[in-house]
Amino acid sequence: MSSRRKCPLPKRSKLGSTFFSRDPVEVARDLIGATLIVGQAGGIIVEAEAYRRDDPASHSFVGQTQRNASMFGPAGTAYVYRSYGIHWCLNFVSGEQETGSAVLVRALEPKVGLNAMRARRGLDDPHLLCTGPGRLCRALGVTGEHDGSRLDEPPFEIYACSGPVEVRAAPRIGISRAPDHLWRFGLLGSPFLSKRLAF
DNA sequence: GGTATGATTGACT
DNA sequence: GTCAATCATACCA
């Protein structure tokens, strides 16, 4: 089940709060093919997952806490949390009106700053640099210090997809609650996905 | 207070 | 395939 999606925005259009002020499921889908830069490094988003405010799998499901506070900030905010006490994971706060929804960036095709990413990750293979939410944050230097930052201001730059892309929906990964929603989106056939897009 | 559980990764059998 | 790392949060007593 894949669908072709044309770029809805002008080439190299910078994405800000207007883009993120929509249903996180739509935002996640439309982020596939977009470019994410953090500082001097970045690439093309090839995998993302949506988490809604009232979604049992979402950190926001239990209401606002110290950890998830930035999820309840304005759309276009970064939500960075620690996963398994070890890794950082980067989310884009989204949602039309209600707060508490976000999109988890799961994988990138590295495009710029390859050497900086290699140095941070301690390996060479571009296929392993950013394929996974924890790896991606390590490669880009994203940490808890970025939690609550605006996504349309440095060090973040996010640009719209510059051409048509083939996007596939699949179940989310690594969750135990609400596992059936097809809220994981990936670039069909990309070798930079964290997991294959099978059902 | 204690204990179980992760939106993961890398090392190992 | 299995499993440990490592810690904030949730939940129970």
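Just so we're on the same page: letters track the sequence lines, and every chain starts at 1.
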Start with the C-alpha distance between A/S101 and A/R53, add both sets of side-chain angles, then the distance that settles side-chain hydrogen bond (donor to acceptor under 3.5 Å, both in side chains), and finish with yes or no. CA-CA 5 Å; A/S101 299; A/R53 164 68 183 88; over 6 Å; no
Applying side-chain contact (heavy atoms from CB on, under 4.5 Å), can you list everything that pairs with A/A41, at least two apart in sequence or on another chain? A/M117, A/R120, A/L140
Partner set under side-chain contact (heavy atoms from CB on, under 4.5 Å) for A/D55, not counting sequence neighbours: A/Y51, A/R52, A/A57, A/S58, A/R172, A/A178, A/W183
Answer yes or no: are there more than 12 heavy-atom neighbours, outside A/Q64 itself, under 6.0 Å from its atom CD? yes
Rounded to the nearest Å, what distance is computed from the [atom1] atom of residue [X] to the [atom2] atom of nucleotide [N]?
{"X": "A/W183", "N": "B/dA7", "atom1": "CH2", "atom2": "P", "value": "15 Å"}
{"X": "A/F61", "N": "B/dA7", "atom1": "CZ", "atom2": "C1'", "value": "15 Å"}
{"X": "A/Y51", "N": "B/dA7", "atom1": "OH", "atom2": "P", "value": "7 Å"}
{"X": "A/R177", "N": "C/dC11", "atom1": "CZ", "atom2": "P", "value": "8 Å"}
{"X": "A/R172", "N": "B/dG6", "atom1": "CZ", "atom2": "P", "value": "14 Å"}

Would a 4.5 Å heavy-atom cut-off, applied to side chains only, mark A/P155 and A/Q40 as touching? no
Would you say that A/D147 contacts A/T77 through its side chain, given a criterion of any heavy-atom pair below 4.5 Å between the two side chains? no
Could you list all N or O pairs between the protein and nucleotides 10-12 of chain B that sit under 3.5 Å apart?
from, atom 1, to, atom 2, distance (Å)
B/dG10, OP1, A/R121, NH1, 3.0
B/dG10, OP1, A/R121, NH2, 3.3
B/dG10, OP2, A/R135, NE, 2.6
B/dG10, OP2, A/R135, NH2, 2.5

Just compare B/dA7, B/dG6, B/dT9 and give me whichever is closest to any side-chain atom of A/S176. B/dG6
Within less than 4.0 Å of OP1 or OP2 of B/dT8, is there a side-chain N or O belonging to A/S194? no
Please write out each protein N/O paired with an N/O of nucleotides 6-9 of chain C under 3.5 Å, distance rounded to 0.1 Å.
from, atom 1, to, atom 2, distance (Å)
C/dT6, O2, A/Y84, O, 2.4
C/dT9, OP1, A/R67, N, 3.2

Residues joined to A/V112 in its hydrophobic cluster, side chain to side chain under 4.5 Å directly or through other members, sorted by chain and number, are A/I37
Watson-Crick and G-U pairing of DNA chain B, under 3.5 Å, as dot-bracket with | and [ ]: ||||||.|||||.
Test salt bridge (charged side-chain N to carboxylate O under 4.0 Å, His left out) applied to A/E157 - qualifying residues, sequence neighbours left out: none
Among pairs that include at least one residue of residues 83-100 of chain A, which meet salt bridge (Lys or Arg N to Asp or Glu O under 4.0 Å), considering only residues two or more places apart or in two chains? none
Give a yes or no on whether a salt bridge exists between A/R168 and A/E166, defined as a side-chain N under 4.0 angstrom from a carboxylate O. no
Does anything in residues 82-94 of chain A pair up under side-chain hydrogen bond (donor to acceptor under 3.5 Å, both in side chains), and if so which pairs, sequence neighbours excluded? none
Sorted by chain and number, sequence neighbours left out, side-chain hydrogen bond (donor to acceptor under 3.5 Å, both in side chains) with A/D125 holds for A/H127
Which residues pass the side-chain hydrogen bond (donor to acceptor under 3.5 Å, both in side chains) test with A/E145, sequence neighbours left out? none
Here the residues of residues 93-111 of chain A within 4.0 Å heavy-atom distance, strictly under, of DNA chain C are none
